[in-house]
Amino acid sequence: MAFENKFIQQRIEKAEILRKVGINPYSNDAQRNTTIAKYLNVNSDVADKENARDENRHYIVSGRIKLLRIMGKASFLQIEDESGVLQIYLARDNLPEGFYNDIFKKLIEVGDIIEVAGYPFVTGQGELSLHADALKLLTKAISPLPEKFHGVTDKEIRYRKRYLDLIMNADVRKTFKIRSKVISLTRRFFEDKGFLEVETPMMHPIAGGANAKPFVTHHNALGIDRYLRIAPELYLKRLIVGGFEAVFEINRNFRNEGMDATHNPEFTSIEFYWAYKTYKDLIVITKEYFEYLFDHLDLPTQLPYGDFEVDFSKFSEIPLIESLSTIGGVPSEIVNNKEKIADFLKSKNITLKPGLTLGQLQGELFDAFVEKKLINPTFITEYPVEISPLARRSDENPDITERFELFIAGREIANAFSELNDPVDQLNRFEGQMAAKESGDDEAHEMDEDFIEALSYGMAPTAGQGIGIDRLVMLLTNEHSIRDVLLFPAMKPIHNEELNQEEEV
RNA sequence: GUCUUGUUAGCUCAGCUGGUAGAGCACGUCACUUUUAAUGAUGUGGCCGAUGGUUCGAAUCCAUCACAGGACACCA
């Protein structure tokens, strides 16, 4: 890329002039002795002192210049570091001879990262500031910052150039701090419960553990294709077979599907597996997990999400079939009858693929009439076996599985079940999935013979759960696009890049 | 994938029924030692997303494409 923009040229020239007068525009000699937040905190008593200042205190702060107000022989600037914003008062007569007019006014500008030394004082307008006696340039910015008042609002720029977004929109940092905390708290919660964090492969010979289209990559030395994982599930269960009794993995999954407000091609989830437990234990630990998160994030349990108010202290639990009538308003007499459900859905103008089973039709009813109504956290339990290819059958009713999904604000947040550990049953279900694949369902599970073999050695009764971290963070931060909780969301290439790629192929 | 809205200066945006482009901020110059998006004066700054078409003439109308936002569909 060429720095041909005239503003950039101007600034490069300024950097050159600085070099000529012996000032390194990219100094590596940072002497900061406090952060802005600490400075503001420690000096909050200065307002009560004589002349609202304390010349005996001396601080060196640094940050990026966000605003600059030159008023003749004195200037105010606002600098920002990660912790906050500080106003600097700079006067010609407090600085070395010639520095103010020849260096500062001509060669230092908004966007530059500087270091300022001086003492605390409060301005006539009542703002705790720093009275500077030295200013040093640390880093010259040769690209100008966006407009100081409106900043950068264009979503495309904000997503593609997240660094600019972070410079200009301090609030964005909050979202990503919450995200970071959620991940570290999640890790700590499960470790405290005795779970072992593990890392399983992201390049799979068979893409299993979910219904999704995988990305394909190629291993040159072996001459074989690999799939980026769509879920870590089958590997984590192999570890339970191997004798670990509680494992979890927090990491990325990759799905080669559409992108929209709730789908990014790579997304983060936690999956955990717990031997000698059932999905009922998972309901308990999930409630504890949310309580733990809210405690440590210092969030109120009632949070706004768009038009809703979600009460995270009110978890409820209801079997899927029951929810169809009590929450979805579907007549209870039809929910166990294939033909009647099909007729009902048709009467609501919902088109169906032919040949759906009863369980699949019940799933359709749920999606159409129940899901969006689940605002407060709700565990939907007892899923039909046809839509739960990896879950264990209920001992009482072979048509349903020991499974739940957790819904909050009308969205699925977690999926959990008592794991299927009968290797013959698992084999049969894989075969069913393969039949579905043959008949055109390219998201059906693939046969994983090694996984079947693992199960054949015996996996203790185990419960497992996955939680979508991105969507959880969206809920906690009241964000409605997954791109707002991903530092670098996937974006289509701009035209030039795309052409280059095509040429290489 | 479908529908819809947008793309104009570094940024935020105007630009009517077609007559070859405007503001604010930023930047340059000048003034100004307690400002808060500082202020006043003055100046520079543009391949109007791309390609075609209609027209004497297109930022403006039409078509195609690209990217983005929103909605819907699909999807554990």
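Note: hydrogens, waters and symmetry copies are ignored here, and every other heavy atom, side chains too, is used. Quick note on labels: first sequence line is chain A, next is B, and so on, each numbered from 1.
B:A37: no Watson-Crick or G-U partner with both key distances under 3.5 Å is found in any strand. Under the Watson-Crick and G-U wobble criteria, each requiring two contacts below 3.5 Å, nucleotide B:U64 is paired to B:A50. Remark: B:U17 base-pairs with no nucleotide in the shown strands. Criterion, Watson-Crick or G-U wobble with two distances under 3.5 Å. If you check B:G28 for Watson-Crick or wobble pairing at under 3.5 angstrom, you find it paired to B:U42. In this entry B:C3 has B:G70 as its Watson-Crick or G-U wobble partner, both defining distances falling under 3.5 Å. Remark: B:U12 base-pairs with B:A23; criterion is Watson-Crick or G-U wobble with both hydrogen-bond distances under 3.5 Å.
Residue-level contact check: A:R158 touches neither bases nor backbone, having no heavy atom under 4.0 Å from any strand. At the heavy-atom level, A:G124 lies under 4.0 Å from base atoms of the strands shown. A:N253 comes within 4.0 angstrom of no nucleic acid atom, judged by non-hydrogen atoms across all strands. Residue contacts for A:K14: at a heavy-atom cut-off of 4.0 Å it reaches the sugar-phosphate backbone alone, with no base atom in range. Residue A:M491 is in sugar-phosphate contact alone, with no base atom involved, counting any heavy-atom pair closer than 4.0 Å across all strands shown. Across all strands, A:Y383 comes closer than 4.0 Å to no nucleic acid atom at all (heavy-atom distances). Nucleic acid contact for A:L145: none, since no nucleic acid atom lies under 4.0 Å from a heavy atom of the residue. The residue A:G151 sits close only to the backbone: its heavy atoms come under 4.0 Å of sugar-phosphate atoms, none of a base.
The base of B:U7 has none of its N or O atoms less than 3.5 Å from a complementary donor or acceptor on the side chain of A:E156. One can find a donor-acceptor pair under 3.5 Å joining the base of B:U36 and the side-chain atoms of A:T123. Counting distance only, with no hydrogens placed and no angle test, the side-chain atoms of A:Q125 and the base atoms of B:U35 include no donor-acceptor pair under 3.5 Å. A donor-acceptor contact under 3.5 Å links the side chain of A:H263 to the base of B:C75.
Atom CG of A:L130 and atom C1' of B:U34 are 14 Å apart (whole Å). To the nearest angstrom, C1' of B:C11 lies 13 Å from CZ of A:F149.
Dashed line: the shortest gap from a side-chain N or O of A:R69 to OP1 or OP2 of B:U35 is not under 4.0 Å. Here A:K148 reaches the OP1 or OP2 of B:A26: one of its side-chain N or O atoms lies under 4.0 Å away. Listed pair A:R11 / B:G10 fails the phosphate criterion, with no side-chain N or O lying under 4.0 Å from OP1 or OP2.
Atom CG of A:D399 and atom CD of A:E382 lie 11.5 Å apart (nearest 0.5 Å). The CD1 atom of A:I285 lies 3.5 Å from the CH2 atom of A:W274; values are rounded to the nearest 0.5 Å. In this structure, the separation between OG on A:S481 and CG on A:L486 is 8.0 Å, given to the nearest 0.5 Å.
Across all non-hydrogen atoms, the minimal contact from A:K106 to A:N101 is CG-O, 3.5 Å. Minimum interatomic distance between A:F430 and A:E446 (heavy atoms only, all atoms of both residues): CE2-O, 3.3 Å.
In this structure, A:F7 does not count as stacked on the base of B:G10 under the 5.5 Å centre distance and 30° plane angle limits.
Nucleotides B:A37 and B:U54 place their C1' atoms 46 Å apart, quoted to the nearest Å. Across B:U17 and B:C61, the matching P atoms stand 8 Å from one another, rounded to whole Å.
Using the six-membered ring where Trp is involved, A:H204 and A:Y235 have ring planes that are tilted, between 30° and 60° apart.
Between A:P146 and A:K492, the residue anchored closer to the 5' end of RNA chain B is A:P146, taking for each the nucleotide with the nearest heavy atom. Between A:V122 and A:L67, the one whose closest nucleotide on RNA chain B sits nearer the 5' end is A:V122.
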